[in-house]
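Contents: one structure, followed by commentary.
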Amino acid sequence: MLIKRAFSGDPKPSEITDAKSYAARRCFLKFSCATAMGAALMLPTESPWAEENGLAADFNNLKASPFSTTEEKTSFRDATRYNNFYEFGTAKGDPERNAHTLRVRPWTVAVEGEAGKPRIFDIDELLKISPLEERIYRLRCVEAWSMVIPWVGFPLAELLKRVEPTGNAKFVEFTTLHDPEQMPGQRSTMLDWPYVEGLRLDEARHPLTILAVGLYGNVLPKQNGAPIRLIVPWKYGFKSIKSIVRIRLTEEPPLTTWMKAAPREYGFYANVNPEVDHPRWSQAKERRIGDFLKRPTLMFNGYGEQVAHLYSGMDLQKYF
Ligand code: MTE
């Protein structure tokens, strides 16, 4: 995610793949660098963060999802070391370095607002919601890079069903934990904390929309939004809010963090759209992390067949 104060102009390749991770990747690919290989092969049976979190080391017998892409996956290393999680710093390596201060147990998620049966769910109860599946999704960041990640998650619709949304519920607001002691980035005034995101109720109930609790067959590393985060694969990555503590059904559209910070740059819908540029850079192409060359960005991040109907008749230049 980029904010105006950070810099102006297009995202540069050097900001997308720094020299160090490029070199590391070449080491892995070309010389089968023993330690990197070892780390990759150990997954998912040995997982320090799973142990740290007091969880079983892996999710067993995950069903593959028909929504999964067959594209080549981003390496585990890149997926867990090149992150956006401003609560732990603004550089891509900061979350991996700093997120150890996050405590993911005990953890609850309040599901409230326009609901007949509002409730507070314990995270371990949420881990049992089915179908819990592996979903290999593309995630396209607004900064023009993308990854392909095997998430472990369940449909958000399954959780919403349990609280019985009322007839007034039209939108869903999501909120990240607010605790500057655990999340040192929240001591800065860079954003209006806590991080808030929102979806229309039909987007939230769409079968592609999941709450992720893991990746690569294991529980979510803290830098990836442990213990539970949203994944909406046809929208820019900033919609996929991490470390959620509250989900609220509302009648009015929620005011999201990035709309508050820069309303001209970040709209409510944030659908991936190569034809609508960010005011400061083109969205026509993207760099898949791990690739050298850019590739064209696809409308709705390639999920148009499943989601385009949600926006029929809408001017997507206006509702960006
Ligand atoms: N959620 C919170 N709470 N804080 C953040 O800074 N960054 C967003 C999104 N969710 C962010 C967040 C952005 S800009 C992106 S691209 C994705 O997380 C990145 O997810 P990843 O780092 O796990 O790939």
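In each ligand, atom 1 is the first atom listed, and ligand 1 is the first ligand listed. Any value given below was found using the heavy atoms of this structure, including those in side chains, with hydrogens, waters and symmetry copies removed.
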For ligand 1, which atoms sit closer than 4.0 Å to a heavy atom of [X]?
X: Asn83; result: 21 (P), 22 (O), 23 (O), 24 (O)
X: Asn84; result: 7 (N), 11 (C), 13 (C), 14 (S), 15 (C), 16 (S), 18 (O), 19 (C), 22 (O)
X: Cys141; result: 16 (S)
X: Asn224; result: 23 (O)
X: Ser240; result: 9 (C), 10 (N), 18 (O)
X: Ile241; result: 1 (N), 10 (N)

For Lys285, does the NZ atom sit with more than 12 other heavy atoms under 6.0 Å from it, leaving out its own atoms?
no
Is a donor from one side chain sitting under 3.5 angstrom from an acceptor on the other, for [X] and [Y]?
X: Tyr216; Y: Glu134; value: no
X: Gln283; Y: Thr297; value: no
X: Glu173; Y: Thr250; value: no

In this structure, which one of Arg288, Arg295, Arg287, Arg140 forms a side chain to side chain donor-acceptor pair (under 3.5 Å) with Ser146?
Arg288
Residues that, via side-chain heavy atoms closer than 4.5 angstrom, fall in one hydrophobic cluster with Val148
Ile136
Using heavy-atom distances only, which candidate in Lys242, His178, Glu87, Arg81 approaches atom 4 (N) of ligand 1 most closely?
Glu87
Does any N/O atom on [X] come nearer than 3.5 Å to any N/O atom on ligand 1?
X: Gln223; value: no
X: Thr176; value: yes
X: Trp145; value: no
X: Arg229; value: yes

Can you tell which part of Tyr86 has a heavy atom less than 4.0 Å from ligand 1: side chain, backbone, both or neither?
both
Is it the side chain (CB and beyond), the backbone, both or neither of Lys239 that lies under 4.0 Å from ligand 1, heavy atoms counted?
neither
Has Ser282 got a side-chain atom pairing as donor or acceptor with Ala284's backbone, closer than 3.5 angstrom?
yes
Using the rule that Ile, Leu, Val, Met, Phe, Trp and Tyr join whenever any side-chain heavy atoms are under 4.5 Å apart, tell me whether Val196 and Val142 fall into a single cluster.
no
Under 3.5 Å, side-chain donor or acceptor atoms of residues 177-184 against the rest of the protein: list the pairs with distances, not counting sequence neighbours.
| unit_1 | atom_1 | unit_2 | atom_2 | d |
| --- | --- | --- | --- | --- |
| Asp179 | OD1 | Glu181 | N | 3.0 |
| Asp179 | OD2 | Gln182 | NE2 | 2.8 |
| Gln182 | OE1 | Arg103 | N | 2.7 |

